[in-house]
Amino acid sequence: MTTTMERGLTNFERDLNDYIVPHIERKYIIELADELEGNGIDNIETFEEALFHSTNSYRPDEEFAEFLFTELSENEIDPIIDGCIDWQAVWDSAYRFDFWSCCIDGTTYYFHNSY
């Protein structure tokens, strides 16, 4: 029986490896591809369309919620209240229904649910 470490990478896995900089270990590329394929993403074009954000943050949901609110919505936060916002609550109540994520080798990838 061939293990995932012994078999060659699929075209999709090679494309993912080329896309992700810095490249990650083979086992993580395979794990990421498996997670993506389980969610209907089986080629690099769909991956690029569905990927919204990636982060190495130790609080990825909070970072992503803040990114969505400030960068994509172009909302400004008054510095007086900036440190008072519970970004995890924003993620839990406003954004988590529209996205799914997977964490591979310390990087969390966020994808829109439409894929």
Q.
The criterion is ring pair (Phe, Tyr, Trp, His ring centres under 6.0 Å); which residues satisfy it with Tyr110, sequence neighbours excluded?
A.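 For Tyr110, the residues satisfying ring pair (Phe, Tyr, Trp, His ring centres under 6.0 Å) (neighbours in sequence not counted) are Phe64, Trp91.
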
Q. Tell me, do Glu13 and Asp15 make a side-chain contact under 4.5 Å, heavy atoms counted?
A.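 Not touching, per the 4.5 Å side-chain cut-off.
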
Q. Is the closest side-chain heavy-atom distance between Leu32 and Cys102 below 4.5 Å?
A.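 They are in contact (side-chain heavy atoms under 4.5 Å apart), so the answer is yes.
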
Q) Can you check whether Phe99 and Phe52 have ring centres sitting under 6.0 Å from each other? A)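 That pair passes the under 6.0 Å test.
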
Q.
Taking the six-membered ring for Trp, are Phe69 and Tyr95 closer than 6.0 Å centroid to centroid?
A.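 Centroid distance Phe69-Tyr95: not below 6.0 Å, so no.
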
Q. Of all residues at least two apart in sequence or in a different chain, which pass the side chain to side chain donor-acceptor pair (under 3.5 Å) check with Ser57?
A.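 Result, side chain to side chain donor-acceptor pair (under 3.5 Å) vs Ser57: none returned.
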
Q: Sequence neighbours left out, what passes side chain to side chain donor-acceptor pair (under 3.5 Å) with Asn11? Give chain and number order.
A: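 For Asn11, the residues satisfying side chain to side chain donor-acceptor pair (under 3.5 Å) (neighbours in sequence not counted) are Arg14.
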
Q) Which residues satisfy the side-chain contact (heavy atoms from CB on, under 4.5 Å) test with Asp82, sequence neighbours excluded? A)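 side-chain contact (heavy atoms from CB on, under 4.5 Å) list for Asp82, sorted by chain: Glu66, Ile77.
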
Q: Drop me the distance from Tyr28's OH to Thr107's OG1, to the nearest 0.5 angstrom.
A: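 Rounded to the nearest 0.5 Å, the OH-OG1 separation comes out at 10.5 Å.
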
Q. Are Val90 and Ile80 grouped together when hydrophobic residues (ILVMFWY) are joined by side-chain heavy atoms under 4.5 angstrom apart?
A.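 Looking at the clustering, Ile80 is in the same group as Val90.
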
Q) Does one hydrophobic cluster hold both Phe67 and Ile81, with members joined at side-chain heavy-atom distances below 4.5 Å? A)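 Same cluster.
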
(Q) Run the side-chain hydrogen bond (donor to acceptor under 3.5 Å, both in side chains) test on Asn75 and Thr70 for me, step by step, so that the C-alpha distance in whole Å, both residues' side-chain angles and the decisive distance to 0.1 Å come before the verdict. (A) CA-CA 5 Å; Asn75 293 310; Thr70 58; over 6 Å; no

Q | Contacts of type salt bridge (charged side-chain N to carboxylate O under 4.0 Å, His left out), residue Arg96, not counting sequence neighbours | A |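 Checked Arg96 against salt bridge (charged side-chain N to carboxylate O under 4.0 Å, His left out); zero matches.
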
**Q.** salt bridge (charged side-chain N to carboxylate O under 4.0 Å, His left out) partners of Glu63, counting only residues at least two apart
**A.**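 Checked Glu63 against salt bridge (charged side-chain N to carboxylate O under 4.0 Å, His left out); zero matches.
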
Q) So which heavy atom on Asp98 is nearest to which on Ala94, and how close? A)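 In this case the closest contact between Asp98 and Ala94 is OD2-O, 4.1 Å.
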
Q | Thr46 (side chain) donor-acceptor with Asp42 (main chain) under 3.5 angstrom | A |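 Checked: no pair found.
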
Q.
Keeping Asn113 on the side-chain end and Phe97 on the backbone end, is there a donor-acceptor pair under 3.5 Å?
A.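 Yes, because the side chain of Asn113 sits within donor-acceptor range (under 3.5 Å) of the backbone of Phe97.
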
